[in-house]
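First up is the structure itself, then whatever we jot down about it.
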Amino acid sequence: MPGRDRIVNRYVRQYQEQKKAKERRRLVMKPIKWVFGILFVVIVAYFAVQIALAVNTPMTTATALSTVVHDEFSIVGYFVREETVLEADYDGILVYTVEEGDKVARFGEYASVYENSQAAELKSTAERYEERISFLRSALDSSLDTSGVMSLSGYIYDGLFDTAELADEEAFTLIADSASELKSNIITRELTNTSPEEIENLISLLESQRDSLLELIGSSETALKTEESGFFTSHVDGYETVFDYDRLDELTPTSFDLLTLQSHPAGDRQVGRLVTDYTWYFVSNMRVDEAGLLKKNGTVELRFDAMGDDTVRVKVESISAPENGEVTVVFSSNQNMRELVNLRKQSASVVLGVYEGLKVPKDAVRVDKDGDLGVYVITGMYSEFKKITVLYETEDYYIVETDPTTTKSLLVYDFIIVNGKGLTNGKVIK
């Protein structure tokens, strides 16, 4: 029965092939099942962890503190002024008789020349006597004012702090005035138990000694005087004639860079310079994106490194066409000439705005059902939603307004809830 055998053999082969196919599919699907199994376990574990964190994460808070933020960027520039170099042909020892930044009248004295070092030393001693006399007169006035004497210790403490702070900030243009006032207050305090008659006698004695020294100097002193009025500085840096004071608005980044390389050494007879106009300019090359924050004829604040934290309001006179991603910006002002008169190249910060308010972490800010921004704070045992108005934004926090006249406003020292689940207005905080 060969026909039946063939049929049986065919079915046997089909069965064996099907069995082999199933085995191949089982071998292929086995790693796939393992992969899906591992993924399933990972997903389940992830959601389990998230649920646990949501349930068990402790509430964290941040204290609302007052802060001040300056929106600013840094630049480097050059001061340009209408100025005249003072020259003197002299033999002897030159001693300046005015301070840096002092206003000198036309034909006013700015220095003296002495024939020898002895005459110069006598003049220096006479000036110390004059300073002492000035302080004593101040002390005499204070001795008649009981309230002034009582305040001296506080003034001295404040003066020490202010002078040290100016030194730390390297605000050297401001230190002289602060130190002089501090010295005057210290001397006045030392003389609080001295009678007015004794102070007057001491003043008379010092005046007599000063006059005697001035008589000894006599004709060995020659005064140097200006031809016009202006603000004096003894610093001559060679840039006095480099910049065209009347054509600053024509500067470009390239032409300005070239001018900054053209300083000339001061000559032996160039003994100072006189700034003859109240208006000064500060010129800087800056990036196009930074200059884009400025507006021609608008105003901003500049804070120069030499002036510490003090700022000067300036006008944006001109902004040049861009070159290689830079523009030349010219600022102008007529303020603080005395403090700035001896500066040329200087680092500065362009202060676009100053924002004062409460510091709020971004993670704490939420939106209520009405779409208002706010934060939850802890009031007693409850959470309270307080709306906020954002003044300024950084990467990590906001500066927001505060109104101390109402408890509805976020107030300094409020406890802001940063992390918390299911927060609602009036929820009991455990």
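We're numbering straight along the sequence, starting at 1.
Inter-residue side-chain proximity for L86 and F232 is flagged as met; some heavy-atom pair is nearer than 4.5 Å. You'll find the side chain of F282 stays beyond 4.5 Å of the side chain of V312, heavy atoms only. The shortest distance between side-chain heavy atoms of L373 and V367 falls below 4.5 Å. Looking at heavy atoms from C-beta onward, V314 lies in side-chain contact with W280 at the 4.5 angstrom threshold. Within the 4.5 Å cutoff, side-chain heavy atoms of Y110 are placed close to those of V271. When side chains are defined from C-beta on, L411 counts as touching T402, because their heavy atoms get closer than 4.5 Å.
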Side-chain donor-acceptor distances from residues 69-80 under 3.5 Å, at least two apart:
residue, atom, partner, partner atom, Å
E72, OE1, R303, NH1, 3.2
E72, OE1, R303, NH2, 2.8
E72, OE2, R303, NH2, 2.8

Evaluation steps, side chain to side chain contact (heavy atoms under 4.5 Å, CB included), between E317 and D249: CA-CA 8 Å; E317 286 286 341; D249 59 343; over 6 Å; no
With side chain to side chain contact (heavy atoms under 4.5 Å, CB included) as the criterion, how do K103 and M337 come out once you've worked through the C-alpha distance, each side chain's angles and the decisive distance to 0.1 Å? CA-CA 10 Å; K103 184 74 162 54; M337 177 63 81; over 6 Å; no
Take T407 and T379 through the test side chain to side chain contact (heavy atoms under 4.5 Å, CB included) and record every step on the way to the result. CA-CA 10 Å; T407 57; T379 304; over 6 Å; no
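The ring-ring contact (aromatic ring centres under 6.0 Å, His included) search around Y278 returns F231, not counting sequence neighbours. With sequence neighbours left out, the side-chain hydrogen bond (donor to acceptor under 3.5 Å, both in side chains) criterion links R273 to E83, E240. Contacts of Y245 classified as side-chain hydrogen bond (donor to acceptor under 3.5 Å, both in side chains), with partners at least two apart in sequence or in another chain: D277. Applying the ring-ring contact (aromatic ring centres under 6.0 Å, His included) test to Y376 and every residue at least two apart in sequence or in another chain returns F385. The side-chain hydrogen bond (donor to acceptor under 3.5 Å, both in side chains) search around T405 returns D403, not counting sequence neighbours. Taking the side chain to side chain contact (heavy atoms under 4.5 Å, CB included) definition, one finds that T394 meets it with Y392, Y397, sequence neighbours left out. In this view, E121 satisfies the side-chain hydrogen bond (donor to acceptor under 3.5 Å, both in side chains) rule with no residue, not counting sequence neighbours. Applying the side chain to side chain contact (heavy atoms under 4.5 Å, CB included) rule to E323 yields the partners T252, P253, T254; only residues at least two apart in sequence or on another chain are considered.
Of the possible donor and acceptor atoms, one in the side chain of S212 sits under 3.5 Å from a partner among the backbone N and O of S208. T276 contributes no side-chain N or O that, together with a main-chain N or O of G230, makes up a donor-acceptor pair within less than 3.5 Å. Put simply, the side chain of S332 never gets that close to the backbone of T279: no donor and acceptor are under 3.5 Å apart. Using a distance-only test at 3.5 Å, with no hydrogens or angles considered, no donor-acceptor pair links the side chain of R344 to the main chain of N342. Using a distance-only test at 3.5 Å, with no hydrogens or angles considered, a donor-acceptor pair links the side chain of T226 to the main chain of E228. E100 places a side-chain N or O within donor-acceptor distance of the main-chain N or O of S234, the cut-off being under 3.5 Å.
Between I417 and S383, the closest heavy-atom pair is CD1-CB, 4.1 Å. Summarising the geometry of P361 relative to V418, their closest heavy-atom pair is CG-CG2, 4.3 Å, with the distance given to 0.1 Å. Residue L358 comes nearest to L410 through the heavy atom pair CD1-O, 3.3 Å, listed as atom of the first residue, atom of the second, then distance. Nearest approach of V236 to Q270, heavy atoms of both residues: CG1-OE1, 3.6 Å. The minimum heavy-atom distance linking V360 with V375 is given by the pair CG1-CG1, 3.7 Å. The two atoms that bring V412 and L65 nearest to each other are CG2-CA, 4.3 Å, heavy atoms only.
By the neighbour-count criterion of 12 heavy atoms within 6.0 Å, atom CD of Q335 is densely surrounded, having more than that number from other residues, nucleotides or ligands. Atom CG of N297 is surrounded by more than 12 heavy atoms from other residues, nucleotides or ligands within 6.0 Å. Within 6.0 Å of NZ in K345 there are 12 or fewer heavy atoms belonging to other residues, nucleotides or ligands.
A salt bridge (Lys or Arg N to Asp or Glu O under 4.0 Å) check over residues 370-398, counting only residues at least two apart or in different chains, returns the pairs K362-E393, D372-K387, K386-D414. Within the structure, side-chain hydrogen bond (donor to acceptor under 3.5 Å, both in side chains) contacts touching residues 347-361 (residues at least two apart or in different chains) do not occur. Here side-chain hydrogen bond (donor to acceptor under 3.5 Å, both in side chains) pairs that include residues 281-293, with residues two or more places apart or in two chains, are D257-N285, N285-T328, R287-D289, R287-E290.
Residues R313 and E301 are paired through a salt bridge, judged by an N-O separation under 4.0 Å between the basic side chain and the carboxylate.
Between L340 atom CG and R81 atom CZ the span is 7.0 Å, to the nearest 0.5 Å. Distance OG1/T389 to CD1/I399: 13.5 Å, rounded to 0.5 Å. Here T63 contributes atom OG1 and F415 contributes atom CZ; the two are 5.0 Å apart, rounded to the nearest 0.5 Å. Atom CD of E250 sits about 7.5 Å away from atom CG of D244, to the nearest 0.5 Å. Note: F243 CZ to L259 CG = 5.5 Å, rounded to the nearest 0.5 Å. Rounding to the nearest 0.5 Å gives a distance of 10.5 Å between CG of D102 and OG1 of T233.
Geometrically, R269 engages Y90 in a cation-pi contact, judged by NZ or CZ lying under 6.0 Å from the ring centre and within 45° of the ring axis.
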